[in-house]
Amino acid sequence: RFFAQSLLRFLGFIFWVTAAVQVFGGVSVILTFKNYRYLFQESYLSLPGWLALTSALVLLPTGVLAVSLSVKCSRNQQGTLMYLLVLLLCLEMSSAALAHSYSVRTASQLESTMGYLIHQHNWTCSQDPGNSAVDVIQRKLQCCGVHNYTDWLKASSSWYRPPCVPESCCKEKHSHCKGDLGHVEQLSDKGCLKKLEDQLCFAMLYIFWCCIVLSILELLAAVSNGILMRHQPFHELRIL
């Protein structure tokens, strides 16, 4: 019983810390899909992030109950804590499953979507910086094309291929770059697909592993709470 109380108190403090960790992961997922919403038509892809934020809110009162139970056991508090732990387990497992599923789905969808946007992009060798979805992505991530700048040459469906790429492919330090293929060193040498996949996979895997670790901690808290409940039987309901 003393070990269960000590473990429950420790897990209560851990739950407060992990609430902040969950908030960071949830906000990261939501902002990532919001920033690249033109690449994904499905609005539900940010659902793991919202589930993580919900879990963070539930973790706060759960931590308070875990700490208070380690000091003074109360039948009502023990029951409430057990219900909150069950709710958290459902939220964490749902978030982890969705994060893993969506990370696989978005990785396979990105390449075709980026290729389509590049194929539909009309660019010329001018001083117009362009404000299309592809231009925004290339400036934000400092990348060029799907895999590299040659994707822009393959995307042209006509016999005439402009001797340049969009100015959004230029590196920030080259302010006078106009996308001229005669100065390839001024262009970003990395493609956008790899950088996009890295961002999305990091956000989803962060949520996934946080949920897995939290689920294990919540199971430990449930076992500790069960031990304390075993030492305090239902005296008032024994007649039943």
S.K.: Is it the case that Glu167 and Gln138 place a side-chain donor and acceptor less than 3.5 Å from each other?
M.R.: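 On atom types as modelled, these side chains do not qualify, holding no pair under 3.5 Å.
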S.K.: For Leu8 versus Ala66, what's the shortest heavy-atom pair and its separation?
M.R.: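 What the structure gives for the nearest pair is O-CB, 3.5 Å.
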S.K.: Looking at CD of Glu92 and CG of Leu217, how far apart are the two atoms once the value is rounded to the nearest 0.5 Å?
M.R.: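 Rounded to the nearest 0.5 Å, the CD-CG separation comes to 9.5 Å.
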S.K.: At their closest point, which heavy atom of Ala52 faces which heavy atom of Ile207, and how far apart are they?
M.R.: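 Between these two residues, the closest heavy atoms are CB-CD1, 3.6 Å.
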S.K.: Rounded at 0.5 Å granularity, tell me how far CG in Asp198 sits from CG in Leu141.
M.R.: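 Asp198 atom CG to Leu141 atom CG measures 10.0 Å (nearest 0.5 Å).
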S.K.: Which heavy atom in Met114 sits nearest to a heavy atom in Gly145, and how many Å separate them?
M.R.: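 Nearest heavy atoms, Met114 then Gly145: CE-O, 4.3 Å.
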S.K.: Over all heavy atoms of both residues, which pair between Gly226 and Met82 is shortest? Give the atoms and the distance, please.
M.R.: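 Heavy atoms only, the tightest pair is N-CE, 3.9 Å.
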S.K.: With a 4.5 Å heavy-atom cut-off, do Ser103 and Leu205 have their side chains touching?
M.R.: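 Of all side-chain heavy-atom pairs linking Leu205 with Ser103, none is under 4.5 Å.
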S.K.: Between Leu228 and Gln5, which heavy-atom pair has the shortest distance, and what is it?
M.R.: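 Closest approach of Leu228 to Gln5, heavy atoms only: CD2-CG, 3.5 Å.
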S.K.: Measuring from atom CG of Asn148 to atom SG of Cys192, what distance do you get when rounded to the nearest 0.5 angstrom?
M.R.: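 Rounded to the nearest 0.5 Å, the CG-SG separation comes to 10.5 Å.
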S.K.: How about Lys195: does its NZ atom have over 12 heavy atoms from other parts shown lying under 6.0 Å from it?
M.R.: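 Yes - once you tally the heavy atoms of other residues, nucleotides and ligands closer than 6.0 Å, there are more than 12.
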S.K.: Parallel, tilted or perpendicular: which describes the rings of Phe24 and Tyr206, with under 30° parallel and over 60° perpendicular?
M.R.: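 Plane angle over 60°, so perpendicular.
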S.K.: Could you tell me the separation between the CD1 atom of Ile14 and the CG atom of Leu59, rounded to the nearest 0.5 Å?
M.R.: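 Reported to 0.5 Å precision, the distance equals 11.5 Å.
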S.K.: For the atom pair CG (Leu88) and OG (Ser95), what is the distance rounded to the nearest 0.5 Å?
M.R.: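 Between Leu88 CG and Ser95 OG, I get 11.5 Å after rounding to 0.5 Å.
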S.K.: Return the OG to CZ distance between Ser101 and Phe208, rounded to the nearest 0.5 Å.
M.R.: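 If we round to the nearest 0.5 Å, Ser101:OG and Phe208:CZ are 11.5 Å apart.
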